[in-house]
S.K.: 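Have a look at this one before I ask anything.
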Amino acid sequence: MISINIAILYYDKLTAQQQKELTSYENSLLLYKDLITEIRANQHEYSNRLQTLQNLPLLYHDYDSICNALAAQAEHYQKPMHIYPLLHLNLPLLVAALYHQFCVAEKQDITIHFDVTTPYINTTVPQQDLADYLCILLQNAIEASQPGDHVYVNITHAESATIFDIRNGVKKCYSQNELQQFFQKRYTTKAILSSDDTTHGLGLYYLLKHAPKQQIHIETNCIAGTELYWLSFCLTVPDTP
């Protein structure tokens with residue numbers, strides 16, 4: 001009977017985990033379709049873009065005008081290029097989640113730049129958990145940004161681990177004590193919150209509570225830049241042994 005109960009508990013846990021993964025994929029299905037649709041649309045627009053560039057000399061006859069027109073065209077086509085590095089990642093659920101955050105930021109005129117130097121991620125951390133952790137950090141970065149701002153996501157590999165570094169610009173330099181406060185339950189830098197707001201101040205608390213259980217190391221820093229300080233949240237995810 002003891003052996004049977006142990007087996008039932010094991011398979012119940014396994015079923016619950018598989019159901020969680022299935023739900024995550026189902027919730028992300030529309031995101032996959034949107035990403036594929038956008039890629040196909042860009043392919044169809046490729047010939048039109050070439051034709052537009054070819055016609056610029058017919059519309060602009062002096063050097064300054066054609067330079068400005070080329071710069072405007074380049075800026076217009078640059079935004080879709082920011083998501084292409086994501087397509088190299090081997091975790092489709094993670095790609096869909098990050099693409100969704102890119103779309104959220106784009107609607108607010110905030111640009112997310114992805115720099116992926118290690119497309120193959122080999123870890124025992126379930127990708128739905130990894131997607132949750134990174135979305136928490138990206139959501140915070142978007143909320144802390146203004147229209148016209150830029151957020152940077154760097155994915156690299158070093159010493160048997162994948163490193164996710166998310167940075168956004170801030171106007172003040174945060175001390176280490178202040179940075180640690182970000183992870184406290186219900187702590188938020190929002191100046192005004194409604195009385196029924198139950199969402200702010202929980203994301204980083206959730207991250208700190210769950211990520212270390214999967215041997216994920218969390219590091220945060222505030223680095224001085226040329227005109228701004230850069231708030232950095234870094235997750236180091238170990239490779240599969």
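In this text the structure is predicted, and so the values were computed from the model without any measurement. In what follows, every heavy atom counts, from backbone to side chain, and hydrogens, waters and symmetry copies are set aside.
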S.K.: Step through the shown structure and confirm whether more than 12 heavy atoms of other residues, nucleotides or ligands are within 6.0 Å of NZ on Lys172.
M.R.: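 Result for NZ/Lys172: enclosed.
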
S.K.: State yes or no: do Ile163 and Ile166 share one hydrophobic cluster built from I, L, V, M, F, W and Y residues joined by side-chain heavy-atom distances below 4.5 Å, directly or via other members?
M.R.: no

S.K.: Compile the donor-acceptor pairs under 3.5 Å between side chains in residues 223-241 and protein atoms, sequence neighbours left out, one pair per line.
M.R.:
residue : atom : partner : partner atom : Å
Ser232  : OG   : Asp165  : OD1          : 2.7
Asp239  : OD1  : His157  : NE2          : 3.4
Asp239  : OD2  : His157  : NE2          : 2.6
Thr240  : OG1  : Asn122  : OD1          : 3.1
Thr240  : OG1  : Thr123  : N            : 3.4
Thr240  : OG1  : Thr124  : N            : 3.4

S.K.: Give the minimum heavy-atom separation between Ile142 and Ile112, together with the two atoms involved.
M.R.: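 Closest heavy-atom pair between Ile142 and Ile112: CD1-CD1, 4.2 Å.
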
S.K.: Dump the intermediate steps for side-chain contact (heavy atoms from CB on, under 4.5 Å) on Leu130 and Leu93, then the final yes or no.
M.R.: CA-CA 9 Å; Leu130 192 56; Leu93 179 57; over 6 Å; no

S.K.: Using distance only, find each side-chain donor-acceptor pair of residues 145-152 under 3.5 Å and give its atom names and separation, not counting sequence neighbours.
M.R.:
residue : atom : partner : partner atom : Å
Ser145  : OG   : Ala141  : O            : 2.6
Asp149  : OD2  : Gln146  : N            : 2.7
His150  : ND1  : His113  : NE2          : 2.7

S.K.: Under 3.5 Å, is there a donor-acceptor pair linking the side chains of Glu219 and Asn221?
M.R.: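 Short answer, yes.
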
S.K.: Between Gln101 and Leu98 (side chain of the first, backbone of the second, donor and acceptor by atom type, cut-off under 3.5 Å), is there such a pair?
M.R.: no

S.K.: Under the rule for side chain to side chain contact (heavy atoms under 4.5 Å, CB included), what residues qualify as partners of His210, not counting sequence neighbours?
M.R.: Tyr133, Tyr206, Lys213

S.K.: Tyr205 ring centre to Lys209 NZ or CZ under 6.0 Å, with the angle to the axis within 45°?
M.R.: no

S.K.: Which atom names give the shortest non-hydrogen contact between Cys222 and Cys173, and what distance separates them?
M.R.: SG-CA, 3.8 Å

S.K.: Hey, quick one: are Leu138 and Leu179 part of the same hydrophobic cluster, counting side-chain heavy atoms closer than 4.5 Å, chains of contacts allowed?
M.R.: yes

